A.B. asks: 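To start, I am sharing the structure in question, which I have written as structure tokens.
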Amino acid sequence: MSKVRVRFAPSPTGPLHIGGARSALFNYLYAKQNNGDFVVRIEDTDLERSSLESEKNIKESLHWLGIDWNEGIDIGGPCMPYRQTERLETYKEAAQILLEKGLAYYCYCSEEEIEAERQAALAKGEMPNYSGRCRNLTAEEKAAKDAAGIKPVIRLRVDEGEPIVVKDMVRGQVSFERDGIGDFVIVKSDGIPVYNFAVVVDDHLMGITHVLRGEEHLSNTPRQIAVYQALGWEPPIFGHISLILGTDRTKMSKRHGSTSVVAYQKEGYLPEALVNFLALLGWAPEGEEEIFTIEDLVKAFSMDRVSKRPAVFDIEKLKWINGQYLRKLPIEELVKYVAPYLKDLGIEGERLGLVCMTFANHINTFNEIRNFLPLFMGEEAEPMTEEAKAVMAEATVAQVLKLFYAKMALADEVKPETVKTALKQIRKELGLGGAQVFMPVRIALTGNQHGPDIDKLAALMGREIMNIRLQKAAKALGFEL
RNA sequence: GGCGCGUUGGAGAAGCGGCUUAACUCACCAGCCUUUCACGCUGGCAUCCAGGGGUUCGAAUCCCCUACGCGUCACCA
């Protein structure tokens, strides 16, 4: 058995998409666990839409996710170059071979003509395949067209014959009739090869053994196999991973939320969490554990457990996974990640550390930290909920708040420890239960009976805000502190 | 329209002819823990596998039909 060689071959027409990242990950995992090679190649034959900027973004996102390749763009390897526009000669040679063997031919039909035929065929409910009009052009006809300055495309001859069978690791054998394919274009009139052609030439020359990619490529696979057959090459083994859908079960797109890896990076997700989540999109682990580091995934991953069913992108689950990773972070790390989201407010240093400790268990993504700011910033506490009002109707409330206010006035600093001590003393002095003391203070300060540790919140508020909120609460309840 | 793929609880997702009284995860609910909240822990949550036929002693699992969803039919990848 020859060495496993897989590849990820994105086209640089935009930032790395979640689906692309998942394909890259599956290839990476498959390569790693089989001690194989993982190649990254750039498919930039769409001159109009490709950009170096997108290529850069894709590479950065892959690095960020920790998906590294051992051969390909930037780092080189035995099959250089790894950018398709730098391999044009290679495709030209392959096309030339097909032309000489009569397996491909020049076609001079205009786009308008083809489009008209296509529409007509579609209207009649027929296969919108190319008619094959240029199949048997004589040398004279061809010369005339050339003289007229018409730039031809090259089409592959796809004759009737046995159905084309795709051997697929996730779908088994899928068969396609040849007449459903037609004579398709392999080289555009500007001499640039078309995806279905270039991909075959590259995969073969690069010794790719397994092609793991999204299901949207399944219908294209018979065309590629036709190219392999024409060139007399052995096709690789395919594996078409199901599509990623939004929760409404339509293909994942912008309206379902962010679709690019950078967007999740910016929103405060950890790469480990995103990788973990991506792995679960279409693959299911054997046991009940769902938290996997990329190293764990290399061991646990298996193509046998890759599902045929489309995978639904469940953002709630991503958040939960991110929370799992976030909670494992040491406080110094957490501080580093959270810092950018609070920089504009001037929260840093010790205060930043306290913010992180206070909310670590309450956030699933770093940017969620912003949702909690009103809890300790500003003179106004959140309006009291009905439940909170009920708690504040207790007879002991005024006593507790007055005592708390007085005790804090004597404390030289408002720190978690001093607040905690004060609260403890009040319990003892008034002989009250914990909730009877903590609740009134919590509600007075935040308006809600739920939330993070009240001693930390009070410390974050600082004396001034704390006092103002206490006074406002007292006033609302009809007494002075 | 042709071709291809899919359809299991509120959501994700196992299951590959008898071991299934349908795993597991999220969400939700209840209880425990906690001075509160959260974290964590424990328990509850599909009489049923899109619908209809068929094969079989036996089907979520195999076959056929219908419905629905998605993908693809480019000189895009």
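Just so we're clear, the structure is a prediction, and the values are computed from it rather than from any experiment. So that the names make sense, note that chain A is the first sequence line, chain B the second, and so on, each numbered from 1. As a basis for the values below, the full set of heavy atoms in this structure was taken, side chains included, without hydrogen atoms, waters or symmetry mates.
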A.B. asks: So what does Ala311(A) hit on the nucleic acid, given a heavy-atom distance under 4.0 Å: a base, only sugar-phosphate, or nothing?
C.D. replies: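 The residue Ala311(A) makes sugar-phosphate contact but no base contact.
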A.B. asks: I'd like to know if Arg171(A) pairs up with Glu215(A) as an ion pair, taking the criterion as any Lys NZ or Arg NE/NH1/NH2 lying under 4.0 Å from an Asp or Glu carboxylate oxygen.
C.D. replies: yes
A.B. asks: Remember a base hit wins even if backbone is also touched, and classify Asn448(A) as base, sugar-phosphate or nothing at under 4.0 Å, heavy atoms.
C.D. replies: nothing
A.B. asks: So which protein nitrogen or oxygen atoms get under 3.5 Å of nucleotides 26-28 of chain B's nitrogens or oxygens?
C.D. replies:
none

A.B. asks: Can Lys407(A) and Glu429(A) be counted as an ion pair, charged N to O under 4.0 angstrom?
C.D. replies: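 The answer is yes: the pair qualifies as a salt bridge.
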A.B. asks: Taking NZ, NE, NH1 and NH2 as the nitrogens, is one of them in Arg7(A) or Asp202(A) under 4.0 Å from a carboxylate oxygen of the other?
C.D. replies: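 Not counted as a salt bridge, because no side-chain N and carboxylate O are separated by less than 4.0 Å.
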A.B. asks: Could you list the residues that satisfy side-chain hydrogen bond (donor to acceptor under 3.5 Å, both in side chains) with Ser54(A), not counting sequence neighbours?
C.D. replies: Ser51(A)
A.B. asks: Paired with G40(B) by Watson-Crick or G-U wobble geometry, both distances under 3.5 Å: which nucleotide is it?
C.D. replies: C32(B)
A.B. asks: Could you tell me whether Lys151(A) and Asp190(A) make a salt bridge, using a distance below 4.0 angstrom between a side-chain N and a carboxylate O?
C.D. replies: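 Result for this pair is no, no salt bridge flagged.
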A.B. asks: Separation of His450(A) atom NE2 from C39(B) atom C1', in whole Å?
C.D. replies: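 Between C1' of C39(B) and NE2 of His450(A): 16 Å.
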A.B. asks: Under a 4.0 Å threshold between the charged nitrogen and the carboxylate oxygen, would Arg83(A) count as salt-bridged to Glu86(A)?
C.D. replies: yes
A.B. asks: Please determine, by modelled atom types, if Tyr106(A) and Asp146(A) share a side-chain donor-acceptor pair under 3.5 angstrom.
C.D. replies: no
A.B. asks: Taking atom P in both C63(B) and G4(B), compute the distance separating them and give it to the nearest angstrom.
C.D. replies: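 So the two P atoms sit 15 Å from each other.
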A.B. asks: Using the P atom as the reference point in each nucleotide, state the distance between G71(B) and C32(B) in Å, no decimals.
C.D. replies: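 Rounded to whole Å, the distance is 49 Å.
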A.B. asks: Between P on G40(B) and CZ on Arg327(A), what's the gap in Å once rounded to a whole number?
C.D. replies: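 Whole-Å distance recorded here is 6 Å.
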A.B. asks: Would you give a per-nucleotide map of nucleotides 71-77 of chain B, 5' to 3', where B means the base has a protein non-hydrogen atom under 4.0 Å away, S means only the sugar-phosphate does, and - means neither?
C.D. replies: BS-SBBB
A.B. asks: Any donor-acceptor pair under 3.5 Å joining the side chain of Arg309(A) to the base of U8(B)?
C.D. replies: yes
A.B. asks: Find the distance His362(A):NE2 to U34(B):C1' and express it as a whole number of Å.
C.D. replies: 12 Å
A.B. asks: I need the CG-P distance between Asp168(A) and G6(B), as an integer number of Å.
C.D. replies: 10 Å
A.B. asks: Could you verify whether a donor N or O on one side chain and an acceptor N or O on the other, from Gln173(A) and Asp168(A), lie under 3.5 Å apart?
C.D. replies: no
A.B. asks: Checking all strands, does Ile454(A) fall into the base, sugar-phosphate, or nothing category for heavy-atom contacts under 4.0 angstrom?
C.D. replies: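 Nothing: the residue Ile454(A), judged by heavy atoms under 4.0 Å, touches no strand.
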A.B. asks: Is there a side-chain polar atom (N or O) of Ser175(A) under 4.0 Å from OP1 or OP2 of G4(B)?
C.D. replies: no
A.B. asks: Applying side chain to side chain contact (heavy atoms under 4.5 Å, CB included), can you list everything that pairs with Val201(A), at least two apart in sequence or on another chain?
C.D. replies: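 Val201(A): side chain to side chain contact (heavy atoms under 4.5 Å, CB included) contacts with Thr90(A), Tyr91(A), Ala94(A), Phe197(A), Leu205(A), Trp233(A).
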A.B. asks: Round to a whole Å and report the spacing from CE of Met439(A) to C1' of U34(B).
C.D. replies: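 Spelled out: CE on Met439(A) to C1' on U34(B) is 11 Å.
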A.B. asks: Measuring only the P atom in each nucleotide, how far is A22(B) from A30(B)? A whole number of Å is fine.
C.D. replies: 25 Å
A.B. asks: How far, in whole Å, is G54(B) from A11(B) if one measures between their C1' atoms?
C.D. replies: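 Pairwise C1' distance, A11(B) against G54(B), rounds to 34 Å.
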A.B. asks: Which nucleotide, if any, forms a Watson-Crick or G-U wobble pair with G17(B), using both distances under 3.5 Å?
C.D. replies: none
A.B. asks: What's the gap between C28(B) and C64(B) when it is taken at their P atoms, as a whole Å value?
C.D. replies: 43 Å
A.B. asks: Whom does C5(B) pair with, Watson-Crick or G-U wobble, provided both distances fall under 3.5 Å?
C.D. replies: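 C5(B) is paired with G69(B).
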A.B. asks: Using Watson-Crick or G-U wobble geometry with both distances under 3.5 Å, which nucleotide pairs with C45(B)?
C.D. replies: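 None - no nucleotide pairs with C45(B), as no candidate has both distances under 3.5 Å.
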A.B. asks: Under a plain distance cut-off of 3.5 Å, with no hydrogens placed, do Glu272(A) and Thr293(A) share a side-chain donor-acceptor pair?
C.D. replies: no
A.B. asks: Name all residues meeting the side chain to side chain contact (heavy atoms under 4.5 Å, CB included) criterion together with Lys402(A); count only those two or more places apart in sequence or in a different chain, and write none if there are none.
C.D. replies: Phe479(A), Leu481(A)
A.B. asks: Phosphate oxygens OP1/OP2 of G15(B): is one of them under 4.0 Å from a side-chain N or O of Arg305(A)?
C.D. replies: yes
A.B. asks: Which whole number of Å gives the distance between the C1' atom of A13(B) and that of G18(B)?
C.D. replies: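 Roughly 24 Å separates the two C1' atoms.
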A.B. asks: Mind checking the P distance from A38(B) to G31(B)? Whole angstroms is fine.
C.D. replies: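 Between the two P atoms, the distance is 13 Å.
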A.B. asks: Write down the distance between CG (Asn276(A)) and C1' (A13(B)), rounded to a whole number of angstrom.
C.D. replies: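 Going from Asn276(A) (CG) to A13(B) (C1'), I get 15 Å.
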A.B. asks: With sequence neighbours left out, write down each residue that passes side chain to side chain contact (heavy atoms under 4.5 Å, CB included) with Asn196(A), or none if nothing qualifies.
C.D. replies: Phe184(A), Val194(A), Asn220(A), Arg223(A), Gln224(A)
A.B. asks: For Lys328(A) and G40(B), what is the distance between atoms NZ and C1' respectively, to the nearest whole Å?
C.D. replies: 14 Å
A.B. asks: When all nucleic acid strands are considered with a 4.0 Å heavy-atom cut-off, which category describes Lys420(A): base, sugar-phosphate, or nothing?
C.D. replies: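 Base: the residue Lys420(A), judged by heavy atoms under 4.0 Å, touches a nucleobase.
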A.B. asks: Suppose we define a pair by two distances each less than 3.5 Å, Watson-Crick or G-U wobble; what does G58(B) pair with here?
C.D. replies: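 Base partner found: none.
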A.B. asks: Tell me whether the side-chain N/O atoms of Arg171(A) come closer than 4.0 Å to OP1 or OP2 in G4(B).
C.D. replies: no
A.B. asks: Between C1' on A11(B) and CG on Leu281(A), what's the gap in Å once rounded to a whole number?
C.D. replies: 13 Å
A.B. asks: Taking atom P in both A23(B) and G43(B), what distance in whole Å separates the two?
C.D. replies: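 Taking atom P in both A23(B) and G43(B), they lie 14 Å apart.
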